[in-house]
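A quick write-up on the structure given underneath.
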Amino acid sequence: MSFKNIVRELRVRNKANGRRGRSHIAPEGSSSSPSAAVDFLDQSIWVDLPPELLLDIIHRIESGQTSWPGRRDVVACASVCKAWREMTKEVVKVPEISGLLTFPVSLKQPGPRDEPIQCFIKRERATGIFRLYLGLTPALTGDKSKLLLSAKRVRRATGVEFIVSLSGKDFSRSNSNYLGKLRSNFLGTKFTVYENQPPPGRSSNKKLSQTMRVSPWVTSSTHSYSIASILYELNVLRTRGPRRMQCTMNSIPVSSVQERGQVHTPTELLNLGSKKKRGMMGFCSGDLGGESVVKEPLVLKNKLPRWHEQLQCWCLNFKGRVTVASVKNFQLIADAGEAGKDMNLPEEEQERVILQFGKIGKDTFTMDYRYPISAFQAFAICLSSFDTKPVR
């Protein structure tokens with residue numbers, strides 16, 4: 001059998017298993033018929049392939065498909081059986097090394113250290129839905145744009161929430177697509193990013209206090225764990241000029257941006273097996289109630305623009321990625337002033353843009369992020385820019 005025929009048959013098997021349109025490995029045990037899944041694995045003609053041959057096949061597929069939609073072939077390999085899944089997980093590198101997004105867990109892993117991952121956000125004003133796509137711009141990628149995350153804006157009595165999901169249509173907090181949320185205060189000046197699972201080393205079965213049990217915001221099946229907070233400077237006088245923002249990444253230590261620094265990287269999806277908690281695939285690196293899990297968290301601040309005398313406006317160098325002037329445009333860098341005396345950041349790291357966001361057209365924005373934040377964290381920070389009230 002030729003190499004093309006192998007890939008073609010993998011695609012057919014992937015579709016036959018009801019995974020049409022999905023871009024990830026389904027959690028083990030999530031099948032509606034466990035016995036049928038076992039029979040399928042036993043009958044698969046690919047299970048008994050020699051490991052050397054299997055490794056060579058997956059390496060060739062992974063190296064030959066570096067962009068979507070061709071990257072679906074890699075997902076198809078991981079969907080064949082458990083042996084193929086484990087081998088694929090070994091071959092596919094994390095975004096920090098490869099700069100590629102393959103499985104949903106990649107959205108919770110830090111971005112690449114060198115070149116940023118370039119994405120764009122589409123806003124639907126009528127529905128209050130925001131969609132994050134992988135690609136340069138809609139004009140260049142067109143229908144080949146890969147949907148990464150979606151968020152729906154929901155108004156509450158005390159503020160606004162953005163529900164983040166893997167699906168472009170389903171934003172229920174009880175299904176497997178739910179990843180987390182962004183919540184604002186009443187003034188729209190402070191935002192908190194939540195994930196749906198506890199940090200590594202913390203049990204998800206911890207009993208809630210009596211106060212939290214009666215709270216409408218926290219339920220037994222949809223715990224929320226704070227991983228970041230975003231603060232905008234309140235502009236009481238409504239003066240014109242660039243706004244200031246500060247992001248405290250509760251789950252990322254400031255040492256991560258130092259030389260040889262590291263940040264926790266989730267490597268596999270969790271499946272709790274319970275119907276109430278089925279498919280909870282997100283990874284969390286914060287703590288319940290907003291308490292930081294790192295002693296000295298990384299603090300990001302927006303890079304202050306410079307006044308351009310000829311243009312008579314505030315300007316930042318977005319390197320061609322932003323084309324429309326907007327108060328929402330920003331670039332985030334590490335805040336050396338908040339790093340502490342013992343955490344001297346190299347000058348290069350102080351000027352390195354970790355996240356940039358800007359407008360390129362009506363309801364279209366670019367989002368470029370890099371290490372040490374993930375796509376989920378970057379998307380949540382950018383969503384806060386759509387609901388900030390200090391400046392209009």
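Everything numeric in this text was worked out from a predicted model, so none of it was measured.
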Parallel, tilted or perpendicular: ring planes of F357 versus F365, cut at 30 and 60 degrees:
parallel
Stepwise side-chain contact (heavy atoms from CB on, under 4.5 Å) test for T265 and E96:
CA-CA 9 Å; T265 303; E96 181 181 346; 4.2 Å; yes
Can you name the nearest heavy-atom pair linking I230 to C247, along with the distance?
CG2-SG, 3.8 Å
Run the side-chain contact (heavy atoms from CB on, under 4.5 Å) test on E233 and Q246 for me, step by step, so that the C-alpha distance in whole Å, both residues' side-chain angles and the decisive distance to 0.1 Å come before the verdict.
CA-CA 8 Å; E233 183 177 310; Q246 186 182 74; over 6 Å; no
When you measure from the side chain of W84 to the backbone N and O of I58, does any donor-acceptor pair fall under 3.5 Å?
no
Taking the side chain as everything from C-beta on, heavy atoms only, tell me whether H59 gets closer than 4.5 Å to E62.
no
With distance as the sole test, does T364 use its side chain to make a donor-acceptor pair with the main-chain N or O of G361 at under 3.5 Å?
no
Are side-chain heavy atoms of N302 and R244 found at a separation under 4.5 Å?
yes
Pairing donors with acceptors under 3.5 angstrom, does anything connect the side chains of S167 and S165?
no
Could you tell me the separation between the CG atom of L383 and the CZ atom of R123, rounded to the nearest 0.5 Å?
11.0 Å
Separation between CG (L134) and CZ (F120), nearest 0.5 Å, reads 8.5 Å
Closest non-hydrogen contact found for P372 with V263 is O-CG1, 4.3 Å
Linked, directly or transitively: V91 and I61 (ILVMFWY side chains, under 4.5 Å)
yes
Euclidean distance, Q331 CD relative to I354 CD1, rounded to 0.5 Å
11.5 Å
Supply the atom-to-atom distance L149 CG to L107 CG, rounded to the nearest 0.5 angstrom.
5.0 Å
Do the side chains of I227 and Q377 get nearer than 4.5 Å, heavy atoms only?
yes
Heavy-atom closest pair (F379 atom, S150 atom, distance to 0.1 Å) is CE2-C, 4.0 Å
Whether E161 and K152 form a salt bridge (side-chain N of Lys/Arg under 4.0 Å from carboxylate O of Asp/Glu) is what I want to check.
no
Heavy-atom pair with the smallest gap, counting every atom of D368 and P116
CB-CB, 4.2 Å
Main chain of K359, side chain of S326: is a donor-acceptor contact present, judged purely on distance under 3.5 Å?
no
Validate the cation-pi geometry between R113 and Y371: distance from NZ or CZ to the six-membered ring centre under 6.0 Å, angle to the ring axis within 45°.
yes
For C382 and F330, work out which heavy atoms get closest and say how close.
SG-CZ, 4.2 Å
Using salt bridge (charged side-chain N to carboxylate O under 4.0 Å, His left out) as the criterion, list what pairs up with K303, not counting sequence neighbours.
E351
Looking only at side-chain N and O atoms, does T102 offer a donor or acceptor that is under 3.5 Å from a partner on R71?
yes
May I ask you to decide whether D363 forms a salt bridge with K122, counting only side-chain N to carboxylate O separations under 4.0 Å?
no
With rounding to the nearest 0.5 angstrom, report the CD1 to CG distance, I57 to L49.
5.5 Å
Any chance you could measure L231, atom CG, to K190, atom NZ, to the nearest 0.5 Å?
7.0 Å
Note, R156 side chain near V154 side chain (heavy atom, < 4.5 Å):
yes
If we only count heavy atoms from C-beta on, is the R183 to Y194 side-chain gap below 4.5 Å?
yes
M87 to P51 - nearest heavy-atom pair and separation:
CE-O, 4.1 Å
Please identify each residue that fulfils side-chain contact (heavy atoms from CB on, under 4.5 Å) with S98, with sequence neighbours left out.
K93, L100
Kindly indicate, with the supporting measurements, whether the criterion side-chain contact (heavy atoms from CB on, under 4.5 Å) is fulfilled by L332 and I381.
CA-CA 10 Å; L332 292 185; I381 294 174; 3.9 Å; yes
Taking N185 for its side chain and T189 for its backbone only, find out whether a donor-acceptor pair lies under 3.5 Å.
yes
Kindly work out whether a path of hydrophobic side-chain contacts (I/L/V/M/F/W/Y, heavy atoms less than 4.5 Å apart) joins L53 to V80.
yes
With a 4.5 Å cut-off on side-chain heavy atoms, are T88 and V74 touching?
yes
Start with the C-alpha gap between K328 and F386, add the side-chain angles, then the distance that decides, and say whether side-chain contact (heavy atoms from CB on, under 4.5 Å) holds.
CA-CA 7 Å; K328 295 181 175 63; F386 289 102; 4.0 Å; yes
Mind checking whether I117 and C119 have side chains closer than 4.5 Å, heavy atoms only?
yes
Under 4.5 Å between side-chain heavy atoms, hopping through other hydrophobics if needed: is there a path connecting V75 to L54?
yes
Quick one: are L132 and M367 in side-chain contact, heavy atoms under 4.5 Å?
yes
Joint hydrophobic cluster, Y369 plus I333, side-chain heavy atoms closer than 4.5 Å:
no
Under a 3.5 Å threshold, yes or no: a donor from one side chain and an acceptor from the other, between T127 and E124?
yes
Following the transitive rule for hydrophobic clusters with a side-chain heavy-atom cut-off under 4.5 Å over Ile, Leu, Val, Met, Phe, Trp and Tyr, establish whether F162 and L166 coincide in one cluster.
yes
Verify the distance criterion only: is there a donor paired with an acceptor across the side chains of Y232 and S385 at less than 3.5 Å?
no
